[in-house]
Amino acid sequence: MTHPRPVRVRFAPSPTGHLHVGGARTAIFNWLFAKSHDGSFILRIEDTDQQRSTRESEAMVLDDLRWLDLHWDEGPEAGGIHGPYRQSERMEIYGGMARELLQSGRAYHCFCDEEMLERKRKESEEAKQPPHYDLTCWKLGPEERRQKAEAGDKSVVRFHVPKEAGASFDGDVHIDDLIRGEIVWKKESLGDFILLRSDGMPTYNFSVVVDDHLMEISHVIRAEEHLTNTHRQVLIYRAMNWPVPEFAHVSLILGEDRTKLSKRHGATSVSQYAEDGFLPAAMLNYLALLGWSPPDGKEIFTATEAIAHFSLDRVNAAPAVFDAQKLLWMNGQYLRQMPSSTLRRQISRELEMADLVTGGGAAAEEWLDEAVDLVQKGADKMSQLRPALMFLFHFDAAAAVTDPEISPLIADSDTRIVIDALHRDLSERGGPVTAEEYQALAERVKIASGAQGKKLFMPIRVAVTGSLHGPELARTFPLLEKGSRTPGIARVLSPLERVEAFRAALG
RNA sequence: GGCGCAUUCGUCUAGGGGUCUAGGACGCCGCCCUCUCACGGCGGUAACACGGGUUCGAAUCCCGUAUGCGCUACCA
């Protein structure tokens, strides 16, 4: 390559709903490639299918991309000199290009209606023949086609695939896919295809070529489902005498049953994961790792690190199954190493709506930070934080007492002794506000009750948290004690209040 | 049916002729840590689709078969 073109790549979604994880990965690969080559990442909206495309969907896709922290250099909202970036706003351009093809004899008007085509397609399929267009209108010749057009017959514009002997633009199509290597199609394997629909809208294969050329796209990185379309597209490039970009076809993302990932596999849009408490950095990391791996073998990496190591030749050509469990694990890795104050800020709205934070203030924030820090070790996603914090704000002694898992413990007479000792100590000396004070408390209860180990700690835990499970008591006790005195948060019962309630429930 | 792509542990992958009795990660199992649940640490389980070549030597190269997937639309 003597004159390397500036790297310009594009992500070209159809706005028909939220961004799918497959689309997100394609966007990520494009973005990583652009950034690693100091190139431009362009966003283009492919909304030529007016039935399915909506402006609302477009806004959602843009939001999803922003959530992933993928910024586009050109595109809707960002602007750019190659705009407009919405195909629906480029109609005259496609019309003009189609006219060129019509004039050079590489395309022609076709008046066949859909019903007839459908019937012919079925027939050739039954005859075990490739269902190519039978060239009815091509055989009509220019004159007859003109007459039909003037008579006002509805028509589409078809591209003519040259098969005639001696056609100068004849030949098999071959590309050197950056992920898959050389791919060849015999020229016989394709029928004449539609460029412009009867309503004047371009088809995907046409608009994509026109736009990729005009937007000076150097590398087309897209999903494998477009691989065989490349055949048609290269033919258009040739007919227009345009340079053909590099291609890289990324494999599909599959569900557990190894079919293309879809709704019935569960959550498939990035927004669903966002709502479910996944972190964008984790999502980006996981998706980047699905089909690509950095040379150093690291699995947890930042976007910056990925950019530094990214290359298409390390992208796997085989399809990959989306593993929600690994995503969850990875999200947990990110979540656990996050500062608790950051997490607290992110869930603060949620806490306010649940009336857990009533006034706020520095003391409340500090207390909440500690609370979050206490529970984040056990969380894999943001949405688990609030439920994990709930035991601090709600204490239902009656429910605890009747819990089938807890009742056996209560039935044990030693349990009662520990709880009574705990109650006595708490009411005489007050609740602990440090881990050390808690340790001292536990030691005194141990001596007073004669219990130790599980027999000592489980009763204490249940009497104060209402549950068999939870964060370590040495931090829970001080947190509860301080919480009961901290303004700006919902009322937190102190350890003493809890034990009293528990004893009352015991009867 | 035709055309195309793919095929390493259950899953994501490393591997680009000898260093592979195939490495890592998730999951699963066990042990340790421990008042519990987690976290964390340690260990274990488990794979080169099959058949032919090429080669002194193949997970790695070639061909075929099988299987899966995609395209074959006036969807993208």
Side-chain angles (χ1 to χ4, degrees), chain A residues 12-16 23 46-49 51-53 87 110 112-114 117-118 121 124-132 154-158 177 179-181 183-186 188-191 193-205 207-208 222-232 249 251-252 254 256 258-260 286 289-293 295 297-300 313-314 316-330 332-333 336 375-380 388 442 452-462 465 467-474:
Chain A
S14 286
T16 58
E46 309 224 324
D47 55 353
T48 56
D49 182 350
Q51 303 296 314
R52 303 196 302 155
S53 304
Q87 293 190 323
C110 171
C112 300
D113 64 84
E114 283 190 74
L117 291 172
E118 184 57 36
R121 208 170 6 248
S124 46
E125 205 164 315
E126 277 160 26
K128 300 203 186 303
Q129 293 294 311
H132 292 163
K154 270 240 164 211
S155 70
V156 300
V157 173
R158 257 183 212 280
D177 192 280
I179 294 173
R180 277 146 222 283
I183 298 164
V184 184
W185 291 276
K186 295 256 175 290
E188 297 79 24
S189 62
L190 197 62
F193 55 92
I194 293 171
L195 259 23
L196 247 38
R197 298 186 262 234
S198 52
D199 63 359
M201 298 293 273
T203 58
Y204 165 74
N205 284 301
S207 58
V208 83
R222 65 189 3 164
E224 186 190 350
E225 56 194 339
H226 296 297
L227 182 57
T228 42
N229 280 322
T230 309
H231 187 181
R232 280 166 245 268
H249 288 91
S251 66
L252 260 21
L254 273 26
E256 280 125 280
R258 303 205 72 93
T259 63
K260 191 175 163 179
Y286 176 74
L289 209 51
L290 206 55
W292 176 76
S293 60
K298 270 182 67 179
E299 295 212 318
I300 304 286
D313 55 24
R314 289 190 66 86
N316 206 136
V321 174
F322 188 82
D323 186 351
Q325 261 188 321
K326 184 153 182 176
L327 203 213
L328 186 63
W329 166 80
M330 188 168 282
Q333 295 293 310
R336 275 173 231 121
V375 301
Q376 79 182 92
K377 300 280 167 294
D380 288 312
Q452 56 179 318
K454 277 194 201 346
K455 289 211 153 238
L456 170 66
F457 292 106
M458 289 319 281
I460 294 178
R461 171 175 291 286
V462 166
T465 70
S467 170
L468 256 15
H469 314 298
E472 51 177 326
L473 292 171

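Numbers restart at 1 for each chain; the letters A, B, ... are given by sequence-line order, proteins then strands.
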**Message:** Would you say Arg336(A) places a side-chain N or O within less than 4.0 Å of OP1 or OP2 belonging to G40(B)?
**Reply:** yes
**Contact under 4.0 Å: Asn316(A) side-chain N or O vs A14(B) OP1/OP2** = yes
**Request:** Name the nucleic acid region contacted by Leu227(A), choosing base, sugar-phosphate or nothing; use a 4.0 angstrom heavy-atom cut-off, strictly under.
**Result:** sugar-phosphate
**Request:** Let me know the distance between CG of Asp323(A) and C1' of C26(B), rounded to the nearest Å.
**Result:** 6 Å
**Request:** From the options U7(B), U36(B), A14(B), select the nucleotide whose nearest atom is closest to the side chain of Met458(A).
**Result:** U36(B)
**Nucleotide of G40(B), A76(B), C3(B) approaching Glu46(A) most closely (side-chain heavy atoms)** = A76(B)
**Complete:** Taken to the nearest whole Å, CG/Leu328(A) to C1'/A38(B) is 13 Å
**Request:** Report yes if at least one side-chain N or O of Thr228(A) is closer than 4.0 Å to OP1 or OP2 of G70(B); otherwise report no.
**Result:** no
**Request:** Looking at every strand, decide which applies to Thr259(A) at a 4.0 Å heavy-atom threshold: base, sugar-phosphate, or nothing.
**Result:** sugar-phosphate
**Message:** Over all strands shown, is Glu472(A) touching base, sugar-phosphate only, or nothing at heavy-atom distances under 4.0 angstrom?
**Reply:** base
**Prompt:** With a non-hydrogen cut-off below 4.0 angstrom, is Gly191(A) in contact with a base, only sugar-phosphate, or nothing?
**Reply:** nothing
**Message:** Need one value for Val208(A): base, sugar-phosphate or nothing, where a base atom within 4.0 Å counts as base even if backbone is also close, heavy atoms only.
**Reply:** nothing
**Minimum-distance nucleotide (side-chain atoms of Trp329(A) versus U36(B), A73(B), G27(B))** = G27(B)
**Item:** Atom of His249(A), atom of Ile179(A) and distance for their closest heavy-atom approach
**Value:** O-CD1, 3.6 Å
**Asked** Can a donor-acceptor pair under 3.5 Å be found between the side-chain atoms of Glu256(A) and the base atoms of G10(B)?
**Response** no
**Item:** Closest nucleotide among G70(B), A25(B), C74(B) to the Leu252(A) side chain
**Value:** G70(B)
**Message:** Can you tell me the base-pairing partner of A38(B)? Count Watson-Crick or G-U wobble geometry only, both distances below 3.5 Å, and say none if there is no partner.
**Reply:** none
**Request:** Determine the Euclidean distance between corresponding P atoms of C37(B) and C32(B); express it in Å to zero decimal places.
**Result:** 13 Å
**Message:** Taking any heavy-atom pair under 4.0 Å as a contact, classify His226(A): base, sugar-phosphate, or nothing.
**Reply:** base
**Lys454(A) side-chain N/O to U36(B) phosphate OP1/OP2 under 4.0 Å** = yes
**Request:** Step through the shown structure and confirm whether more than 12 heavy atoms of other residues, nucleotides or ligands are within 6.0 Å of CD on Gln452(A).
**Result:** no
**Item:** Nearest-nucleotide 5' precedence on RNA chain B, Arg258(A) against Arg180(A)
**Value:** Arg180(A)
**Request:** May I ask you to decide whether Glu299(A) forms a salt bridge with Lys326(A), counting only side-chain N to carboxylate O separations under 4.0 Å?
**Result:** yes
**Request:** For Leu196(A) and Val156(A), work out which heavy atoms get closest and say how close.
**Result:** O-CB, 3.2 Å
**U55(B) - base-pair partner by Watson-Crick or wobble geometry, distances under 3.5 Å** = none
**Prompt:** Between atom CH2 in Trp292(A) and atom C1' in A14(B), what is the gap in whole Å?
**Reply:** 13 Å
**First encountered from the 5' end of RNA chain B, between Tyr286(A) and Lys377(A)** = Tyr286(A)
**Message:** Whole angstroms only, please: what is the NE2-C1' distance between His132(A) and G2(B)?
**Reply:** 7 Å
**Residue matched to U65(B) through Watson-Crick or wobble contacts both under 3.5 angstrom** = A49(B)
**Request:** With salt bridge (Lys or Arg N to Asp or Glu O under 4.0 Å) as the test, would you mind laying out the steps for Asp47(A) and Arg52(A) before giving the verdict?
**Result:** CA-CA 8 Å; Asp47(A) 55 353; Arg52(A) 303 196 302 155; over 6 Å; no
**Request:** Report yes if a side-chain nitrogen or oxygen of Gln333(A) is closer than 4.0 Å to either non-bridging phosphate oxygen (OP1 or OP2) of G40(B); otherwise report no.
**Result:** yes
**Request:** Return no unless some side-chain N or O of Ser467(A) is found under 4.0 Å from OP1 or OP2 of C37(B).
**Result:** no
**For the student: nearest non-hydrogen atoms of Arg336(A) and Asp380(A), plus distance** = NH2-OD1, 2.6 Å
**Request:** Looking at every strand, decide which applies to Cys112(A) at a 4.0 Å heavy-atom threshold: base, sugar-phosphate, or nothing.
**Result:** base
**Item:** Given C12(B), U36(B), G27(B), the nucleotide with the shortest approach to the side chain of Gln325(A)
**Value:** G27(B)
**Asked** Taking the same atom, C1', in U67(B) and in A49(B), what whole-Å distance lies between them?
**Response** 8 Å
**Request:** Would you classify Arg52(A) as touching base, sugar-phosphate or nothing, given that sugar-phosphate means primed atoms plus P, OP1 and OP2, and contacts are heavy atoms under 4.0 Å?
**Result:** base
**Request:** Quickly work out the Met330(A) CE to G24(B) C1' distance and round it to whole Å.
**Result:** 13 Å
**Request:** Would you indicate what Ser198(A) reaches in the nucleic acid, counting non-hydrogen atoms under 4.0 angstrom: base, sugar-phosphate, or nothing?
**Result:** base
**Prompt:** Between C26(B) and G68(B), how far is it from one P atom to the other, in whole Å?
**Reply:** 32 Å
**Request:** Only one of Arg232(A), His226(A), Glu46(A) passes side-chain hydrogen bond (donor to acceptor under 3.5 Å, both in side chains) with Tyr204(A); say which it is.
**Result:** His226(A)
**Request:** Rounded to the nearest angstrom, tell me the gap between atom CD in Glu225(A) and atom C1' in A6(B).
**Result:** 15 Å
**G44(B) to G24(B) separation - P atoms, rounded to the nearest Å** = 9 Å
**Item:** Gap in Å between the two C1' atoms, one belonging to G52(B) and one to C12(B), rounded
**Value:** 31 Å
**Request:** Kindly point out which of C74(B), C5(B), G15(B) is positioned nearest to the side chain of Glu224(A)?
**Result:** C5(B)
**Length of the CD1-P vector between Ile179(A) and U7(B), whole Å** = 13 Å
**Message:** Distance check, C1' atoms only: G57(B) and U19(B), in whole angstrom units.
**Reply:** 14 Å
**Heavy-atom pair of closest approach, residues Thr230(A) and Arg222(A)** = OG1-NH1, 3.2 Å
**Request:** Answer with base, sugar-phosphate or nothing: what part of the nucleic acid does Arg222(A) contact at a heavy-atom distance below 4.0 Å?
**Result:** nothing
**Item:** Gap in Å between the two C1' atoms, one belonging to U13(B) and one to U8(B), rounded
**Value:** 9 Å
**Request:** Answer yes or no: does a side-chain N or O of Arg461(A) lie under 4.0 Å from OP1 or OP2 of C37(B)?
**Result:** no
**Request:** Among the candidates C26(B), G70(B), A6(B), find the nucleotide nearest to the side-chain atoms of Ala318(A).
**Result:** A6(B)
**Fill in**
Val321(A) has its side chain closest, among A76(B), U36(B), C12(B), to C12(B)
**Asked** Relative to each other, are the rings of His231(A) and Trp185(A) parallel, tilted or perpendicular (30° and 60° limits)?
**Response** parallel
**Fill in**
Correct closest heavy-atom pair for Ala318(A) and Ser251(A) would be O-OG, 2.9 Å
**Asked** Expressed as a whole number of Å, how far does the P atom of C61(B) sit from that of A46(B)?
**Response** 27 Å
**Message:** Let's test this: given Watson-Crick or G-U wobble pairing with both distances under 3.5 Å, identify the partner of C3(B).
**Reply:** G70(B)
**Request:** Answer with base, sugar-phosphate or nothing: what part of the nucleic acid does Pro13(A) contact at a heavy-atom distance below 4.0 Å?
**Result:** nothing
**Ile183(A) side-chain proximity, nearest of C5(B), G40(B), C3(B)** = C5(B)
**Message:** Whole angstroms only, please: what is the CG-P distance between Leu117(A) and A73(B)?
**Reply:** 10 Å
